Amino acid sequence: MSQADFGLIGLAVMGQNLVLNVESRGFTIAVFNRTTSVTDEFIAKHQGKKLVGSHTLEDFVKSLKRPRKIQIMVKSNAVTDSERDAVDAVIEQLIPLLEEDDIIIDGGNSFYKATERRDAYLAEKKLRFIGAGVSGGEEGARKGPSIMPGGPPSTWEVMKPIFESIAAKVDGEPCVIHIGPGGAGHYVKMIHNGIEYGDMQLICEAYNIFKHAGFTTDEMAAIFNDWNEGELLSYLIQITGKALEQKDAETGTPIVELIVDKAGQKGTGQWTLLNAAENAVVISTINAAVEARILSSQKKQRVAASAELKGPAVNITVSKADLVKKVHDALYASKIISYAQGLDLIKTMGEKKNWGLDLGRIAAIWRGGCIIRARFLNRITDAYRGNPGLVNLMLDPFFKDVLGRTQQNWREVVSLATLSGIPAPAFSASLGYYDSYRAARLPANLLQAQRDFFGAHTYERTDKPEGQFFHTDWPEVIG
Ligand code: NBP
């Protein structure tokens, strides 16, 4: 067989599906997996395809055309810039085998700071590096993911034909752009995942309100299927409808009702929170979503507390039809807030790092292939195309209008959930953000007084020019 156009290391779920995707676009692809039996089984299963399997990295590297393009798809779990993981191990093994200008692509969910470290390290070795976030899970990898590559523009130009051919397409546009230099691609993928946490939690809160209001699982499936025809059309709403329809083969019970209510997480949501704290950006909806997963995992404590801590009885008096409309609006409005916050974080970090990020184009590549793909991303793209300097998504005329028309229902849902003791932390956090952001005056005047009282931190006055600081001699407090 002729030399391969592209190589991939790590034949687990994502790697195998990406290989089949790349191969289906006409490329010859070399594959390698640490456990060689996995490679053998993969090659045997896909006889007749343009695949070159190797048992050693030396043979794998030799089977590639120059400049070599090698994508690593192995477990990435370094959560600091100094920690080393399987991606580093593979890079170290590759370095002595590669030649100047060969390209290594890390397509795993790597922490962006680790990507920045690898980028600098490989540049010293005269090798080129792309840190690419890949979203869409197994199906996306096979049929077309959304790809978020970061690295030097000249390296992107070399990779562009392959990435564009394997990415999902929306209106003929591939769901991949050069995000920016260094760790920008993995950074944007991380925030994408944070937004995904927010979307999922908001859907779960809608489901929980319906459940407490006495809807059957089939009724709920029908609601989500119906919502998927309208403004909320999205992959996550679609799979929610399908998941609720699914019955257990053994018992006939909806499978969702048999699943233990303990959520797992792999860390990208927590990384997003840490980054938001580092940048002093509020992402309260995503924060609530991450914390909801944490609390869900404390099942034993919750079960014990459910017998100890009192709450109100559920008291939902609106009709089922009205409740569906109200929860729809609460979900839509909260989702807008979640994206407004996530994009604010991307914007802030992009400016700090001088990455030159284009929020409209980033939203456009999330329209296909990835887990958060949704109809309303078109509106986000339009918002930033119309006004690249948009300060906050909520201020775009389209979204301002949606928030205006949905907010009464949104408030009623937060209020009925609160009065019925149904947890809705992401709905409430979103509304709290909206009301705080639109408040011309917040109670931080009192907070400043408290700070000055105990710590002489000083304050500015409403009746004096900005930038002048004052201190009051507060009365002494004893005891
Ligand atoms: P995993 O994250 O489960 O990784 C398994 C692969 O890593 C196997 O090929 C394994 O080889 C290899 N590997 C490990 Br573990 N340690 C290694 C080492 N020291 N040297 C060489 N290879 C090593 O696979 P995945 O779920 O396909 O995900 C791959 C990447 O894509 C991850 O970064 C993941 O976070 C990311 N991602 C996953 C999804 C998803 O839906 N699964 C979606 C988007 C992104 P072995 O066979 O020899 O053990």
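This is a predicted model, so every value here is computed, not measured. We count ligands from 1, going down the list as the structure has it; atoms in each ligand are counted the same way. Computed over heavy atoms, backbone and side chain alike; hydrogens, waters and symmetry mates excluded.
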**Report entry** Basic-acidic side-chain contact under 4.0 Å: Lys211, Glu257
**Finding:** yes
Report summary line: For atom 4 (O) of ligand 1, the closest protein heavy atom turns out to be Lys75 N, 3.3 Å
Query raised in the report: What protein heavy atom sits nearest atom 24 (O) of ligand 1, and how far off is it?
Result: Ala12 CB, 3.3 Å
Query raised in the report: On the ring face of Phe129, is Arg118 found with NZ or CZ under 6.0 Å from the centre and within 45° of the axis?
Result: no
Requested in this report: Any atoms of ligand 1 less than 4.0 Å from a non-hydrogen atom of Val90? List them with their elements.
Outcome: 20 (N), 21 (C)
**Report entry** Contact atoms of ligand 1, heavy-atom distance to Asn33 under 4.0 Å
**Finding:** 8 (C), 9 (O), 11 (O), 46 (P), 47 (O), 48 (O)
Report summary line: Within 4.0 Å of some non-hydrogen atom of Gly137, the atoms of ligand 1 are 41 (O)
Report summary line: Restricting to heavy atoms, the pick from Thr268, Thr36, Val134 nearest atom 45 (C) of ligand 1 would be Val134
Query - Protein heavy-atom partner closest to atom 36 (C) of ligand 1 - residue, atom, separation in Å - result: Asn109 N, 3.7 Å
Query raised in the report: From Ile195 CD1 over to Thr285 OG1, what is the distance, rounded to the nearest 0.5 angstrom?
Result: 10.5 Å
Report summary line: Between Ala132 and Ile105 the two heavy atoms that sit nearest each other are CB-CG2, 4.1 Å
**Report entry** Matching residue for Phe32 among Val38, Val61, Leu57 - test: side-chain contact (heavy atoms from CB on, under 4.5 Å)
**Finding:** Leu57
Report task. Could you list which atoms of ligand 1 come closer than 4.0 Å to a heavy atom of Ser76? Result -> 33 (O)
Query - Region of Ile9 that comes within reach of ligand 1 [heavy atoms, distance under 4.0 Å] - result: neither
Requested in this report: Salt-bridge test for Lys126 and Glu100: reply yes if a basic N is under 4.0 Å from a carboxylate O, no otherwise.
Outcome: no
Query - Ion pair check, Glu173 and Arg367, cut-off under 4.0 Å - result: yes
Query raised in the report: Between Tyr197 and Arg293, is there a cation-pi geometry (under 6.0 Å to ring centre, at most 45° from the normal)?
Result: yes
Report summary line: among protein heavy atoms, the one nearest atom 29 (C) of ligand 1 is Met73 O, 3.8 Å
Query raised in the report: Ion pair present between Lys299 and Asp261, side-chain N to carboxylate O less than 4.0 angstrom?
Result: yes
Report task. Check each of Thr39, Thr35, Val74 against atom 30 (C) of ligand 1 and report the one with the nearest heavy atom. Result -> Val74
Report task. For Leu11, take its heavy atoms, then give the atoms of ligand 1 lying under 4.0 Å from any of them. Result -> 9 (O)
Query - Where ligand 1 meets Gly10 - atom numbers and elements under 4.0 angstrom, heavy-atom basis - result: 9 (O)
Query raised in the report: Between the candidates Gln16, Arg34, Met14, which shows the shortest non-hydrogen contact distance to atom 16 (N) of ligand 1?
Result: Arg34
